[in-house]
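The next block holds one structure in the form of structure tokens; read it before the comments.
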Amino acid sequence: MSQALDKTYSPANSESTWYSLWQASGIYHSAPSERTPYSVLMPPPNVTGILHFGHVLNNTIQDIYIRWARLNGRETCWFPGLDHAGIATQTKVEKELKKQGLRRHDLGREAFIERVWEWKNTYGGIILEQLRTLGVSADWDRTLFTMDESASQAVAEVFVRLFDEGLVYRGKRIINWSPVAQSALSDEEVIFREVREHLYTLQYHLEDGSGTLLVATVRPETIFADVAVAVNPHDERYQHLIGSRVMVPLTGRSVPIIADDYADPTFGTGCVKITPAHDPNDFEIGQRHGLPILQCIQADATLNELAGEFAGLERFMARKKVVARLEETGLLEKKEDYTHNVGFSERGEEAVEPYLSDQWFVSMKPLAGPALEAVRDGSITFYPNHWVRTYEHWMSNVRDWCISRQLWWGHRIPVYYAEDGRYTAAMSEQAARIKLGLEQGATLRQDPDVLDTWFSSWLWPMTTMGWRGPASDEVTRDEQSEKLMRYYLPTNLLVTGPDIIFFWVARMIMASLKFKGVIPFRDVYFTSILRDAKGRKLSKSLGNSPDPLNVIEKYGSDAVRFTMIYLAPLGMDVRLDIDEKTQDIASMELGRNFANKVWNACRFLQMKKFDVAQATSADAEYEPSTADRWIRSRYASTVQAASKALDEYRITEYAKILYDFIWRDFCDWYVEVVKVQLTQAPSDSQRVAILDNAFSVIDGTLHLLHPVMPFITDELWHGLLGHTAEESISTSTAPTAQTGDIDLVTEERFETLQQVVEALRRQRSEMGIPPGERLDVHLRVRQDEVEFYSSQGAVITALARCAELVIGHDLDKPQGSVGDVVRGNEIYLVVAGKIDFEKERARITKEIDRLTAALAGVEKKLSNASFVANAKPEIIENERQKQADWTDALMKLQRNLASI
RNA sequence: GGGCAGUUAGCUCAGUUGGUUCAGAGCAUCUGCCUUACAAGCAGAGGGUCGGGGGUUCAAAUCCCUCACUGCCCACCA
């Protein structure tokens, strides 16, 4: 046994020491072996990322399962990595440049990308470093960056393959445009927010001067691109006008009045202006009716020459001016307040502009079918399961995925355009020439755009294992990565937030099925959403997202991990009591106090071990006490329950089971009894036998606790059980439930003992007896229990602070005593002169009232013929037993009351 | 408009298959303790009838219906 443990657990030093040891010994590296694999894919944090509490929760859960699998002898691999996060990273670097008064175009594409790489190299690994502070036991040797060479190749090959199959195509569509990023966005990157604007009703004069059509719009700045006004074909008000023309205000242009069901006669005036270039619905109507397309808003969200005097104005400024001019010219009929939803860019704060442009799309329907099936047929299980509905809904209505981004940072689209306008996707210029049937040296231009970040993320299950794409599979055949995928795929668990179920989870399922014919993972655990005390999501901008490293520094990593797990039930939001001023989370004390409790329980055992003579061996004749057998029984149940909770992904319960076992059973009762047993034991060899029992329970308990509290458990495992520095609890073996140790008879007996002690304590407290004062106690028990209670005399005496303890079957209530009844046992505490008769009478009366009411309930049940006829026999028997017990207790209490 | 969660003690939440005093835990509150592992602790106490209403059942916090409120996701009719 090593050095004495300190009085208080101080995580700061020991945690980093342990992590260094773990890392140096490379114990978390994994490779295919004879053992059953267990693998987890880490959701790759962004290179710009800094650890936040979402990561803490997410990675703690993953680490728990990884460590638990490792303890259970699985070949355990946790694949970590980093995401290049296209838009996010590029925006960051552009902001940096802006401080120097530069824009990316000033540098040029190549120099700019170089700057981003510099940024990535400087800040990219920070979060991975931070995850180590948290204790994450990933296989760092396998860390992958989504823009690493192998991953990039896979991305390009996948693109080419899908292009060749016609599943990736180019098209001119209305897409979500971010004027700030100057790039397209996918539908998933747009979030809708309610906005209070105005609904303007404009006068469109009929071209022949015969009247005016009133048209409502929230975007009067788009009138310059109007190509028609639509009315409902069944709308009698306007039927006669269909086919005639109206003048678009402020333009001198006339457009036709067309009939289309899209126009809702009950909304506004029933007339809709049609602007195909600036509204997805209008675009479709334009297609249906063969209308021309006019575009008046440009990529930077300013108006172009079509807008005449308004050209060059930013869209919202233009709206103001246009409205003003309409007002002047009398063409503005009315202006009403109007609240509706507007799409905003997920990252930036700006309103997304529906923008007509050439983009690349993935045709999703063919990919969605098998992916939907894999979840429906149970090959993949979601926890909590209700997310399946969301998944199904999205998958059934999936729309094509816009994957091109007008950015520089990312995987360049492997498409080459010939001078004649033809194009193809290929792995190189030369390959493209061959595909297009062009001669060597023919000029080609590569598509300037890059791919959506998620186009690399969806290959994560394969690229993390070294996959280089479908063509490589067929041609070069990478044995190494093939072996890894055969062994580790499908991975066992994915832990992620429900917010990226469409972005990532669904698409990984599609890609893995498409390219490897295998599901990427079996179980998906959706984590809780973290909120502050006011219920708001944690976010940097709100200032309600403390830096986890500071919190870890204050409470310890184990404490933070434990608290997060304890507080975060499966599938529900979690409120954290974040103090915005101090950036502190006081509830972390729960974990810290618990860690300290574990620490001190071990410290106690260690001290007792030091007290016995060195090298004493356990007395083979030692007969385990009731408490010894009780704690073994409780421990066996705990192993069983904790394992089951983990298997079922009820990690909060796992945490609670351990918390209660260690604190309530082990510390509050077992350790207290052990103190008595050690004092009473006649020899050191007996003491060693007693301690052996305690050590074996604490050894197993540390293993159970290790997945959630890796640092302190390894430290105690060494400090207490004398393991060498080369060993780690994390690579030792988990305990299995010894169901034979579960002994319900002993548990019942011990519980009664606990209740007797508690009753005595309650009496003392109510009578105001100072804790130090010892009083006589008389226990009247059943004849056949006298021996048992006598054997527990020392324990009761110590825990209930008795002076003299008299145990017998045939005892009378002593003079000057207060009494109580516990499971048929009568307890008398001799308080002599200190007795407060009023209080005592009140206490017993209250107890009698309670029992009388409870008994009445039972008797009512038992006298109910249908209850007796229908209820299960054991339930009825139970009620009968209660009736007997309570009748007996009532009798004893009444006698007690009478004697006061 | 469609879908999914949630509503249990002052606060944050447990409560697996309806039935052992199941109405629990932590924090907070109150009382008393530095009892030689732990004051980051120990011993006690008070506090809720389980959102409202209805139903099924011998029996409901637990199952069904309905209403209300809260949150999230999807859709997005100018």
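Numbers restart at 1 for each chain; the letters A, B, ... are given by sequence-line order, proteins then strands. All of these numbers come straight from a predicted model, not from anything done at the bench.
Within the 4.0 angstrom heavy-atom criterion, only backbone atoms of the sugar-phosphate kind lie near Glu758(A); the bases stay farther away. Using a 4.0 Å heavy-atom distance criterion, Arg664(A) is classed as a sugar-phosphate-only contact. When heavy atoms are screened at a 4.0 angstrom cut-off, Lys861(A) is found touching no nucleic acid atom at all. At a threshold of 4.0 angstrom between heavy atoms, the contacts of Asp660(A) with the nucleic acid are absent. Across all strands shown, Val671(A) has heavy atoms under 4.0 Å from base atoms, whether or not it also approaches the sugar-phosphate. Within 4.0 Å of Arg592(A), counting heavy atoms only, lies at least one base atom of the nucleic acid. Cys602(A) comes within 4.0 angstrom of nothing in the nucleic acid, heavy atoms only.
Relative ring orientation between Phe562(A) and Tyr659(A) is described as parallel, the plane-to-plane angle staying below 30° on a 0-90° scale split at 30° and 60°. The aromatic rings of Phe382(A) and Tyr391(A) lie perpendicular to each other, with more than 60° between the two planes, well past the 30° mark. Relative ring orientation between Tyr338(A) and Phe267(A) is described as perpendicular, the plane-to-plane angle rising above 60° on a 0-90° scale split at 30° and 60°.
Note on Trp394(A): every side-chain N or O is 4.0 Å or more away from OP1 and OP2 of C4(B). Of the side-chain N and O atoms in Arg801(A), none sit less than 4.0 angstrom from OP1 or OP2 of U35(B).
Nucleotide U49(B) is matched to nothing when pairs are restricted to Watson-Crick or G-U wobble geometry with both distances under 3.5 angstrom. Look at G71(B): its Watson-Crick or wobble partner, with both distances under 3.5 angstrom, is C4(B). The partner of G24(B) is C13(B), judged by Watson-Crick or G-U wobble contacts that both fall below 3.5 Å. C42(B): Watson-Crick or G-U partner is G32(B), with both key distances under 3.5 Å.
Candidate nucleotides U16(B), C74(B), G71(B) were compared by shortest atom distance to the side chain of Phe502(A), and C74(B) ranks first. Side-chain proximity of Ile875(A) to G19(B), A39(B), G44(B): nearest is G19(B). Out of A37(B), C42(B), C72(B), the shortest distance to the side chain of Glu672(A) is found at A37(B). Proximity note for Asn870(A) (side chain, C-beta onward) versus U20(B), C38(B), C58(B): the nearest is C58(B).
Atoms CG (Asp532(A)) and P (G71(B)) sit 14 Å apart, rounded to a whole Å. If you take NZ of Lys656(A) and P of U16(B), they are 13 Å apart, rounded to a whole angstrom. The interatomic distance linking Asn593(A) (CG) with C27(B) (P) rounds to 8 Å, in whole Å.
Remark: Lys609(A) qualifies as a cation-pi partner of Phe695(A) under the 6.0 Å distance and 45° angle criteria applied to the six-membered ring. A cation-pi arrangement is found for Lys675(A) relative to Phe604(A), the charged atom lying closer than 6.0 Å to the ring centre and inside a 45° cone about the ring normal. By the 6.0 Å and 45° rule, Arg376(A) does not stack over the aromatic ring of Trp387(A).
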Give every pair of a protein N or O atom and an N or O atom of nucleotides 76-78 of chain B that lie under 3.5 Å apart, one pair per line with the distance.
from, atom 1, to, atom 2, distance (Å)
C76(B), O2, Asn341(A), ND2, 3.3
C76(B), N3, Asn341(A), ND2, 3.1
C77(B), OP2, Asn281(A), ND2, 2.4
C77(B), O2, Asp264(A), OD2, 3.3
C77(B), N3, Asp264(A), OD2, 3.3
A78(B), OP1, His340(A), ND1, 3.4
A78(B), OP2, Tyr338(A), OH, 2.3
A78(B), O2', Ala216(A), O, 3.2
A78(B), N6, Asp264(A), O, 2.7
A78(B), N6, Phe267(A), O, 2.5
A78(B), N1, Asp264(A), N, 3.0

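Around the CD atom of Glu553(A), the shell of radius 6.0 Å holds no more than 12 heavy atoms that belong to other residues, nucleotides or ligands.
With RNA chain B read from its 5' end, the first of the two nearest nucleotides for Lys644(A) and Ala871(A) is the one closest to Lys644(A).
What you find for Ile500(A) and Thr496(A) is that their closest heavy atoms are CD1-OG1, 3.1 Å.
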